[in-house]
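First comes the structure, then the notes that go with it.
Below, chains carry the letters A, B, ... as their sequence lines are ordered, and counting in each starts from 1.
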Amino acid sequence: MKHGFYYDFELPRPITEEDLKDIEARMREIIAEDHPFVRRVITPEEARELFKDQPYKLELIEDILKRGTDEYGNPLPPGQQPVLTTYRHGPFEDLCRGPHVERTGQLNPKAFKLMNIAGAYWRGDEKNPMLTRIYGTAWRTPKELRQYLNWLEEAKKRDHRRLGRELGLFYFAPEEIGPGIPLFAPKGEIVRHLMESFVREVQTRYGYQHVWTAHLVKQNLYRKSGHLDNYAEFMFPPMVDGEDVYRLKPMNCPSHMTLYKKMGVHSYKELPLRFAEFATLDRYEKKGELQGLTRVRALTQDDAHIFCTPDQIEQEFLLALKIIQEVLNRYRFTDYRVRLSLRGKGEKYIQDEEKWKQAEGALRAALKAAGLDYFEAEGEAAFYGPKADFLATDVLGREWQLSTIQVDFIMPARLGLTYIGPDGKEHTPVVLHRAVTGTTERFLGILIEHFAGAFPVWLAPVQAVLIPITDRHVAYAREVAEKLRARGLRVEVDDGPERMNYKIRKAQTQKVPYMLVVGDKEVAEGTVAVRLRSGENLGPMSLEAFLQKAQEDIEAGV
RNA sequence: GCCACCGUAGCUCAGUCGGCAGAGCAGCCGCCUCGUAAGCGGCAGGUCGCGGGUUCGAGUCCCGCCGGUGGCUCCA
């Protein structure tokens with residue numbers, strides 16, 4: 001772990017926060033006793049005897065010996081033989097690969113803290129029993145510990161769930177509407193709208209066409225596509241209408257592919273055909289997995305399906321990468337990593353060596369051409385083909401998948417898609433599934449944390465607030481607001497009875513980019529006094545000068 | 001879904017040993033007319049998540065459910 005440690009236990013009773021205090025106290029005693037850590041290489045027989053009462057340890061031992069893996073089940077580096085080692089301090093000897101510090105006394109008794117308790121499946125498999133995991137954090141000095149705890153507090157203030165409410169962007173009504181189904185207030189809706197308009201503009205520029213397919217789909221289509229077999233647990237229960245059974249749409253691919261078919265016979269000359277849609281999908285996510293906007297049950301993908309020939313995969317993949325890069329850059333969003341997800345061993349991947357090889361080669365070539373750093377992950381591919389995923393980190397260090405581009409060899413054939421090739425014969429197109437920001441909801445959640453709620457001017461729900469100093473300046477403030485609105489800015493007038501300082505504070509906490517203060521001087525000169533949310537006071541300027549400043553900021557994306 | 005914890009006013013939180021439900025902010029009304037991060041006074045606001053149980057008496061104790069938080073598993 002990055003900032004600490006954890007250890008899993010099987011305990012006879014639930015552990016409480018108070019227990020953690022006692023354990024910390026005991027840990028401090030052990031540190032004070034300054035035991036040396038003693039490493040020992042043991043034989044399999046010794047190991048089995050030593051840990052005979054600890055079934056989980058025995059399982060680890062057998063695994064290390066049998067499969068030559070380390071304690072996490074990962075393969076050892078080539079050439080290395082499995083070795084069983086223990087570390088002992090005082091009377092406690094534990095199976096451990098190490099390394100350790102030399103003595104318990106080297107730890108700072110004031111620089112660690114047990115943080116929380118959580119359940120964790122044995123070896124991360126939900127079929128296994130659940131153990132109790134205790135998380136802790138450890139630092140060199142008490143100061144570093146304090147800084148870390150402080151950082152955690154600051155991170156909580158950036159949490160998109162909290163900022164979403166404080167900034168009036170969105171709300172959840174789990175009791176009334178349902179868990180994981182967000183409600184967007186006017187300020188949140190305008191941000192969504194701006195995000196989607198932006199992606200739509202970029203996609204259009206890159207030759208994508210937008211389509212619309214509805215939310216209800218006959219279940220039979222999902223039977224044909226294979227989703228009913230593989231995806232049923234993520235779908236809301238069926239709606240029965242006499243003979244017909246409908247489902248809420250959990251993804252667009254079958255709808256887009258049906259549209260492709262309905263549009264008639266396709267020639268290879270039409271390809272690639274790129275269908276994009278901002279579609280709200282409904283997925284029955286498990287309740288414990290829901291989390292703010294990053295994991296919801298109603299999600300809007302900026303989805304697209306590209307119908308192409310096999311030898312167009314590389315160019316289309318590259319085009320999609322370019323769109324993603326352009327969009328992420330506009331958000332000044334650089335904190336992500338790219339994963340090339342490849343097939344692993346196993347039955348679930350469709351068996352067609354040639355197609356996999358061709359697609360994987362095309363993806364690598366395109367990633368290289370796009371100049372993207374990426375890492376490869378075996379066993380992360382979809383069963384129908386390899387993919388590239390963009391992973392972003394939220395303010396608390398949790399990683400989320402945003403953009404994705406996936407190659408699909410199988411669904412087009414299942415749904416009977418064809419095009420007529422130059423040879424006059426029918427062929428099955430390859431389909432690329434791809435999402436730029438992933439979903440509007442998750443991306444917005446990450447963006448809120450990324451900007452700590454202070455959206456760049458082009459995205460800010462309210463771009464400027466007019467702050468009249470006294471009542472007699474309200475009419476002028478309204479007049480200015482109208483003029484700015486006419487020029488396309490999103491402007492509000494704070495005409496409440498409070499004092500100017502209060503209104504500035506309010507605008508400041510709402511992270512409004514520009515505060516336009518107007519008093520006697522501004523009315524007389526036809527200006528506005530511009531204050532930025534950074535606290536910087538630009539002083540009075542004409543409306544034209546302000547509009548130019550705003551325009552520059554919008555273009556610069558600040 | 002699983003493990004642990006939590007649920008009191010719109011928000012943040014207090015409420016002792018089981019004995020009359022509280023504060024700040026936000027809201028509403030009034031006063032103040034003010035130059036770059038909270039002016040002053042007043043008023044209103046509650047099925048203590050829901051249902052059951054124990055008790056003379058439950059926000060407080062017990063059981064079930066709903067919802068949330070942190071993890072685990074899964075995922076855009």
Side-chain angles (χ1 to χ4, degrees), chain A residues 6 8 10-11 14-17 19-20 115-135 156 159 161-162 165-166 168 171-176 178-180 231 233-234 250-251 281 283-296 299-303 380 389-392 396 398-404 406 433-443 445-446 467-474 497-510 515-522 529-533 535-540:
Chain A
Y6 64 80
D8 293 344
E10 188 168 55
L11 298 166
I15 200 163
T16 66
E17 302 290 331
D19 292 328
L20 292 186
M115 301 296 286
N116 46 24
I117 306 156
Y121 296 109
W122 165 238
R123 305 200 114 179
D125 187 335
E126 67 181 327
K127 289 188 223 50
N128 286 338
M130 184 160 272
L131 307 177
T132 303
R133 175 171 296 178
I134 298 177
Y135 283 93
K156 273 188 197 161
D159 189 312
R161 290 166 296 190
R162 174 182 176 143
R165 190 177 57 236
E166 288 175 356
Y171 300 87
F172 283 92
E175 313 267 0
E176 299 89 338
Y231 211 77
E233 60 172 317
F234 298 107
M251 66 262 305
L281 309 174
R283 294 186 182 174
Y284 192 76
E285 301 287 344
K286 294 177 190 169
K287 264 216 297 292
E289 290 162 356
L290 299 173
Q291 197 192 70
L293 287 185
T294 42
R295 194 74 181 269
V296 291
L299 50 133
T300 310
Q301 277 189 339
D302 53 359
D303 202 7
E380 292 289 335
D389 299 313
F390 288 61
L391 307 170
L396 289 171
R398 292 171 291 215
E399 203 165 57
W400 298 95
Q401 186 178 321
L402 302 174
S403 326
T404 181
Q406 316 184 349
H433 308 244
R434 125 304 54 147
V436 180
T437 60
T439 69
T440 305
E441 291 79 11
R442 176 177 291 180
F443 196 75
I446 300 283
I467 299 179
I469 292 179
T470 76
D471 288 351
R472 66 177 179 276
H473 308 119
V474 169
E498 297 88 359
R499 297 166 69 175
M500 179 197 65
N501 278 347
Y502 180 90
K503 293 176 184 177
I504 286 176
R505 180 183 155 78
K506 195 163 74 177
Q508 206 60 64
T509 55
Q510 288 293 302
M515 284 152 267
L516 308 178
V517 178
V518 294
D520 288 338
K521 229 170 82 184
E522 286 74 22
V530 181
R531 180 195 159 102
L532 305 180
R533 59 190 160 187
E536 193 183 352
N537 188 350
L538 300 185

Main-chain N/O of [Y] paired with [X] side-chain donor or acceptor, under 3.5 Å:
X: A/Thr439; Y: A/Gln301; result: no
X: A/Arg434; Y: A/Asp302; result: yes
X: A/Arg133; Y: A/Ala118; result: no
X: A/Gln510; Y: A/Glu166; result: yes

Considering every strand and a 4.0 Å limit on heavy-atom distances, what is the contact class for [X]: base, sugar-phosphate, or nothing?
X: A/Lys503; result: nothing
X: A/Tyr135; result: sugar-phosphate
X: A/Glu522; result: base
X: A/Phe443; result: nothing
X: A/Asp520; result: base
X: A/Ala529; result: base
X: A/Gln508; result: base
X: A/Gly519; result: base
X: A/Arg162; result: nothing
X: A/Asn501; result: sugar-phosphate
X: A/Arg161; result: sugar-phosphate

How close do [X] and [Y] get, heavy atom to heavy atom, and via which atoms?
X: A/Val296; Y: A/Leu299; result: O-CD2, 3.7 Å
X: A/Lys156; Y: A/Arg162; result: O-CD, 3.5 Å
X: A/Pro540; Y: A/Glu522; result: CB-OE2, 4.3 Å
X: A/Lys503; Y: A/Glu498; result: CE-O, 3.4 Å
X: A/Trp400; Y: A/Ile446; result: CD1-CD1, 3.5 Å
X: A/Arg283; Y: A/Pro250; result: NE-O, 2.8 Å

[N] to [M] separation - [atom1] atoms, rounded to the nearest Å:
N: B/rU54; M: B/rC61; atom1: C1'; result: 8 Å
N: B/rA14; M: B/rU8; atom1: C1'; result: 10 Å
N: B/rC48; M: B/rC11; atom1: P; result: 16 Å
N: B/rA44; M: B/rC3; atom1: C1'; result: 44 Å
N: B/rU12; M: B/rG7; atom1: P; result: 13 Å
N: B/rC65; M: B/rC6; atom1: C1'; result: 16 Å
N: B/rC74; M: B/rG15; atom1: P; result: 40 Å
N: B/rA23; M: B/rG46; atom1: P; result: 14 Å

Starting from [atom2] on [N], measure out to [atom1] on [X] and report it in whole angstrom.
X: A/Ile504; N: B/rA38; atom1: CD1; atom2: C1'; value: 12 Å
X: A/Leu293; N: B/rU69; atom1: CG; atom2: C1'; value: 16 Å
X: A/Glu176; N: B/rG49; atom1: CD; atom2: P; value: 15 Å
X: A/Met500; N: B/rA38; atom1: CE; atom2: P; value: 10 Å
X: A/Leu290; N: B/rC72; atom1: CG; atom2: P; value: 16 Å
X: A/Tyr171; N: B/rC11; atom1: OH; atom2: C1'; value: 10 Å
X: A/Gln401; N: B/rC74; atom1: CD; atom2: P; value: 14 Å
X: A/Arg165; N: B/rU12; atom1: CZ; atom2: C1'; value: 9 Å

Practice problem: Answer yes or no: does a side-chain N or O of A/Arg398 lie under 4.0 Å from OP1 or OP2 of B/rG70? | Solution: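 True: A/Arg398 side-chain N/O within range (under 4.0 Å) of B/rG70 OP1/OP2.
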Closest listed nucleotide, where the reference is the side chain of [X] and the choices are [options]:
X: A/Val296; options: B/rG35, B/rG70, B/rA76; value: B/rA76
X: A/Arg295; options: B/rG35, B/rC74, B/rG70; value: B/rC74
X: A/Gln291; options: B/rA76, B/rA37, B/rG70; value: B/rG70

Quiz item: Between A/Gly539 and A/Glu166, which is nearer to the 5' end of RNA chain B once each is assigned its nearest nucleotide?
Solution: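 Looking at RNA chain B, the more 5' nearest nucleotide goes with A/Glu166.
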Self-check item: Intra- and interstrand pairs of RNA chain B - dot-bracket, Watson-Crick/G-U under 3.5 Å, | marks other strand
Solution: (((((((..((((.....[..)))).(((((.......))))).....(((((..]....))))))))))))....
Quiz prompt | Atom OH of A/Tyr231 with >12 non-hydrogen neighbours under 6.0 angstrom | solution =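 Count over threshold, so yes.
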Self-check item: Option passing side-chain contact (heavy atoms from CB on, under 4.5 Å) with A/Thr294 (candidates A/Arg161, A/Arg442, A/Arg398, A/Glu441)
Solution: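 Single pass found, and it is A/Arg442.
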Quiz item: A/Arg533 and A/Gln508: side-chain contact (heavy atoms from CB on, under 4.5 Å), yes or no, with the steps?
Solution: CA-CA 6 Å; A/Arg533 59 190 160 187; A/Gln508 206 60 64; 3.8 Å; yes
Exercise. State which residues pass ring-ring contact (aromatic ring centres under 6.0 Å, His included) with A/Tyr502; sequence neighbours excluded, sorted by chain then number.
Key: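 Applying ring-ring contact (aromatic ring centres under 6.0 Å, His included) to A/Tyr502 gives none.
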Self-check item: nucleotides 1-8 of chain B: protein proximity per nucleotide (B base, S sugar-phosphate only, - neither; heavy atom, under 4.0 Å)
Solution: BBBS----
Quiz item: What one-letter contact string describes nucleotides 24-33 of chain B from 5' to 3', where B marks a base within less than 4.0 Å of any protein heavy atom, S marks contact via sugar-phosphate atoms alone, and - marks no contact?
Solution: --S------B
Report all interatomic pairs (protein N or O, nucleotide N or O of nucleotides 63-65 of chain B) with separations under 3.5 Å.
none

Can you tell me whether the side chain of [X] and the base of [N] have a donor-acceptor pair closer than 3.5 Å?
X: A/Arg531; N: B/rA37; result: yes
X: A/Glu285; N: B/rA76; result: yes
X: A/Arg442; N: B/rC75; result: yes

Quiz item: Taking 4.0 angstrom as the limit, do A/Asp125 and A/Arg123 come out as a salt bridge?
Solution: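 Looking at A/Arg123 together with A/Asp125, the answer is no, because their closest N to O distance does not fall below 4.0 Å.
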For residues 467-474 of chain A, run the donor-acceptor check on the side chains, cut-off 3.5 Å, and write out each pair with its distance to 0.1 Å, sequence neighbours left out.
| residue | atom | partner | partner atom | Å |
| --- | --- | --- | --- | --- |
| A/Thr470 | OG1 | A/Arg472 | N | 3.3 |
| A/Thr470 | OG1 | A/Arg472 | NH1 | 3.4 |
| A/Thr470 | OG1 | A/His473 | ND1 | 3.2 |
| A/Arg472 | NE | A/Asp520 | OD1 | 3.1 |
| A/Arg472 | NH2 | A/Asp520 | OD1 | 3.4 |
| A/Arg472 | NH2 | A/Asp520 | OD2 | 2.9 |
| A/His473 | ND1 | A/Thr470 | N | 3.0 |
| A/His473 | NE2 | A/Asp520 | N | 3.1 |
| A/His473 | NE2 | A/Asp520 | OD1 | 2.6 |

